[in-house]
S.K.: 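Here it is, the structure, as structure tokens.
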Amino acid sequence: MDKTFDAKTAETRIYDGWEETGAFRAGANAKPGAEAFSVVIPPPNVTGSLHMGHAFNNTLQDILVRWHRMRGHDTLWQPGTDHAGIATQMVTEREMAANGEPSRREMGRDAFLERVWEQKIKSRGTIIGQLKRLGASCDWSREAFTMSGAPNAPEGEDGNFHDAVIRVFVDMYEKGLIYRGKRLVNWDPHFETAISDLEVENVETQGQMWHFKYPLADGRTYTYVEKDEDGTVLFEEERDYISIATTRPETMLGDGAVAVHPSDSRYAPIVGAFCEIPVGPKEHRRLIPIITDEYPDPDFGSGAVKITGAHDFNDYAVAKRGGIPCYRLMDMGAQMRADGAAYAEAAETAMAVARGETTLSESEVDAINLVPDDLRGHDRFEARRRVVEQITEEGLAVMVPAHDPRLGKKAARKAQPEEGGTPPEEALVPLIEEKLIMQPFGDRSKVVIEPMLTDQWFVDAEAVVGPALEAVRDGTVEILPERDKKVYFHWLENIEPWCISRQLWWGHQIPVWHTPGFGDEWRSFCAATEEEALQQMHATFGDDAEFIMVEDEAAATEMLAGYFQNMTDTTGVDQRRRPQAIPVFRDPDVLDTWFSSGLWPIGTLGWPEDTEELKRYFPTSVLITGFDIIFFWVARMMMMQYAVVGERPFDTVYVHALVRDEKGKKMSKSLGNVLDPLDLIEEYGADAVRFTLAAMAAMGRDLKLSKDRIAGYRNFGTKLWNACRFAEMNGVFEGREASATPPQARETVNRWIIGETARVRETVDEALEGYRFNDAANTLYSFVWGVVCDWYVEFSKPLFDKDPEVVAETRATMGWVLDQCMVLLHPFMPFVTEELWGLSAKRDGMLVHADWPDYRAADLIDAEAETEMRWVIALIEGTRSARTQMRVPVGLYAPMLVADLGEKERGAWDRNADLIKRLARIERLDEVESFPRGTVTIPVGATSFGLPLEGLIDVGEEIARLEKARGKLEKEANGLRGRLKNPKFVESAPEEVVEETQANLVARDEDLAAIDAALARLKEIG
RNA sequence: GGGCGGUUAGCUCAGCUGGUAGAGCGCUUCGUUUACACCGAAGAUGUCGGGGGUUCGAAUCCCUCACCGCCCACCA
């Protein structure tokens, strides 16, 4: 054997070996009739690459999976990747741009999809390969993909995940759980798609709040009165305007009303009146009503709120309640709209609506573009600048003295007087408050999200959330750690409709076909296939109806232009003449990625087919996932599995925390503090990385990763390696018949280590049962290093020089103990252990399929051996400590004295003399009446050993040493004595605790007596 | 504004249902002992964030304050 394990070359070889033998196949190594254990991998993005979070997540899964597999359970670790709509489309488009390929729009939808599939196939191997490097023991023959079997999927991408998704959509649609509607949604202007609430990151940003005057219509005035709580008038003035604050002046153009709280007496006189939006061409100023609504907070700002239903979620709610029209101001790229009629005409129409002269349908309102001609086509931020400028120029900004505390520094600076101007205190400046505002950003695009009024598809989440909540409440599904349950509940109890449509191309296209309905709305048919949709259309429009598939809504509209013109003077719906062929187009939107990954547990097991795997492995056993996707994924899987198959997706959810850098910062590319797991694997080996992650995985706590730590655990692997190397050199592995059952041993040392091993096996199992990965890892670490290597290997050395019988027994024991180390460590460090397994005996199979032990500590612990070995260790440690402090040369074998050797101790000494002498560097043991001058005393239990070091020791040094030890002992003894003297303690503490305390006190007193005797002797000399 | 975590040795963290403060790294000294220098031996280091309370006994339970972090939230 080499001195170290060469992870670099061995790991791939070993992994290939596992794969070739099908070691990870579902059910591999299962005992007949074994219970099932199944885990679905949180599917990484197909174009992604492995980051620390993945490494952590998959290490934990692999530990559990390997552990169960070795225990003979019917184990499946289901792997796969996610098509990751936005991310993948983004990655592909970026690469296309870099390659100078035509853009997505230039190539068209079909060609683009083909291109993304190429990208998918190309990059899939990256993350899969990385997972393999980590050692993940997934059943790769079952690798799934969330878009497998999609209609445009190329050869080799078959599978039926797409069928499952479509089937669920259709089913939920038919049950009324999915609906379409024009709603205000979070719009990502970069990707030009709607996103869900969860994909919005609210970030505190420095912003400004402007205050503007909305003049009252027709020169109307009112007395504005501010009172305090007691009704005392604080301020009173005659006003011809209402003051409005806004952080988004550009949206004023779309205002539909001004709202005040119904109880707000300041504005009571003008409720119902009209005011003017102070922007846009003077001659076409729009008037909007002043309405009441519960929403405005009278204590905030002026208490009056402008209502822009199409660009603000609160305003939208107010608008809905008050029947206020929502005027959309921006296009899909969040530029100010440039479509439709000129401003004059649009404003006129809007005025008519405001006056109540006409009512328009939603889409008619949407068609109105209220952006003044000079602002059309501008970016929203540019439009804001201009709007502010125009209003301020017109004198309609609220002005305040330059010293107003609400003003930011900028405004104050502006107020510096020009030559001969007004002194600063009296100068009036526009009221622009600098303040922190929560600004929404797209989590992928990092662009400011715009609330946008669009047609979208929604899941009625509230209708399906019930069982998902109930299951966790009643314990059907366990979420660990406890605290994450609360997070889960909080979100689900306040669930909002889930916007599932995305205006992307890469994804599951919504299985809905639209035809012209009646009026200007489209009529929709939802079906799994186009044929089925057509059947439905025939059923509706008549068997003789003729349909023609067209590209999109625009094409259909064009076809129908003539038709609708003909219809304008027709009244009754049924009398309408149909066009020759009715245009039909498929809904262009695709589904939110999480809609499909929400089906991951059943989808990967073959649903909607009634497969054997579903029967065996569903519901899955445990889901291991990061806290950041509890809402995105865990909650959705819960809702959807219950909605679709009426069953929980998993029994337990183990939520783990984030991997941070060594300073506790979240790893991010922009901070440059990312540790790439692949680099670390390259440098330290996969086992070290895995063990580090496991050892640091205290439940629910973030873990901070440093290279030092990984190096430490790499060394741990080497340590085990070298213990085996030692064994090999001592013939342990020679012609060996490895056995899983512990050998019968006579030597104390061997009996002791067998018991210790059994104890560790129990602790590890208990820890893993409780998902306490760190406890399991640390237990193994301290056992292998601190017990097996530090003591057992050392103890064995003299045994290998004894008679053949002892040598044989020791070889058998050491072989067994090392085997157990390999077995128990295998889930954590699969590579080194597998390698050692192969090197240490001729075996029937690989370690990956070895039997996990079930021996019990109670059966294997030999209490006498344990007591004896503890005594031996204490003696050796005490001697070594004394020697070092007395500066006894390391190489010197010193004689040892003992004065009062008891019966038991004599036996212990006799049985272990060889190894004590060797490890404590003792020449011989002499029994004496009393210690001579200059003897260093080593108390071990009731016995005092001594090192006669006359002339060698520094008396002062030894007195200091003993007094230090004495001080510590005395402090402890006094503490114990104090407790025992307290009658309340003796009364109320449990009996064992009292007994233990007494025993401890006796032990301390014995040691103290020995030390006192030694001190007395030394002082004689001194 | 709500909620949840954290504060223990120089650093990073363990300490489950209250019963003599622990680990790893780092540090100091020593070491060519026939597995291992990715090693061995021996050490040093803590008013367990502050303040109250419950208890015979609190790092551990309760209250409160401070600071740090995270999540959620519609204050224009």
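Not measured: the values here are computed from a predicted model. Every chain is numbered from 1 and lettered A, B, ... according to where its sequence line falls, protein lines coming before strand lines.
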S.K.: Just checking W210(A): base, sugar-phosphate only, or nothing, at a heavy-atom cut-off of under 4.0 Å?
M.R.: nothing

S.K.: Mind checking if R880(A) touches a base, just sugar-phosphate, or nothing, with heavy atoms under 4.0 Å?
M.R.: sugar-phosphate

S.K.: Where along residues 715-731 of chain A does a heavy atom come under 4.0 Å from RNA chain B, residue by residue in number order?
M.R.: N715(A), T718(A), K719(A), N722(A), A723(A), R725(A), F726(A), M729(A)

S.K.: Would you measure the distance from the P atom in U7(B) across to the matching atom in G49(B) and give it in whole Å?
M.R.: 7 Å

S.K.: Please list, for nucleotides 44-47 of chain B, all pairs of protein and nucleotide N/O atoms separated by less than 3.5 Å.
M.R.:
unit_1	atom_1	unit_2	atom_2	d
A44(B)	OP1	K964(A)	NZ	2.6

S.K.: Can you give one letter per nucleotide of nucleotides 28-33 of chain B, going 5' to 3': B for a protein heavy atom under 4.0 Å from the base, S for sugar-phosphate only, - for none?
M.R.: --S--B

S.K.: Would you classify Y713(A) as touching base, sugar-phosphate or nothing, given that sugar-phosphate means primed atoms plus P, OP1 and OP2, and contacts are heavy atoms under 4.0 Å?
M.R.: nothing

S.K.: Ring centroids only, cut at 6.0 angstrom: are Y713(A) and Y781(A) within range, meaning strictly under it?
M.R.: yes

S.K.: Pick the nucleotide of RNA chain B nearest each of E794(A) and A882(A); which residue has the one closer to the 5' end?
M.R.: E794(A)

S.K.: Does W791(A) place a side-chain N or O at less than 4.0 Å from the phosphate oxygens OP1/OP2 of G40(B)?
M.R.: no

S.K.: Taking G19(B) as the reference, what is the distance to C61(B) when you measure between their C1' atoms (whole Å, please)?
M.R.: 14 Å

S.K.: Can you tell me, in whole Å, how much space there is between the P of C56(B) and that of A66(B)?
M.R.: 32 Å

S.K.: Determine the interatomic distance between C1' on G26(B) and the same-named atom on A9(B); round to the nearest Å.
M.R.: 11 Å

S.K.: Can you work out whether A304(A) or V200(A) has the more 5'-proximal nearest nucleotide on RNA chain B?
M.R.: V200(A)

S.K.: For the side chain of N774(A), starting at C-beta, report the closest nucleotide among A14(B), C70(B), A76(B).
M.R.: A14(B)

S.K.: Have a look at F716(A) and tell me which of F691(A), Y684(A), W721(A) forms a ring-ring contact (aromatic ring centres under 6.0 Å, His included) with it.
M.R.: F691(A)

S.K.: Classify K485(A) by what it touches in the nucleic acid, base, sugar-phosphate, or nothing, heavy-atom distance under 4.0 Å.
M.R.: nothing

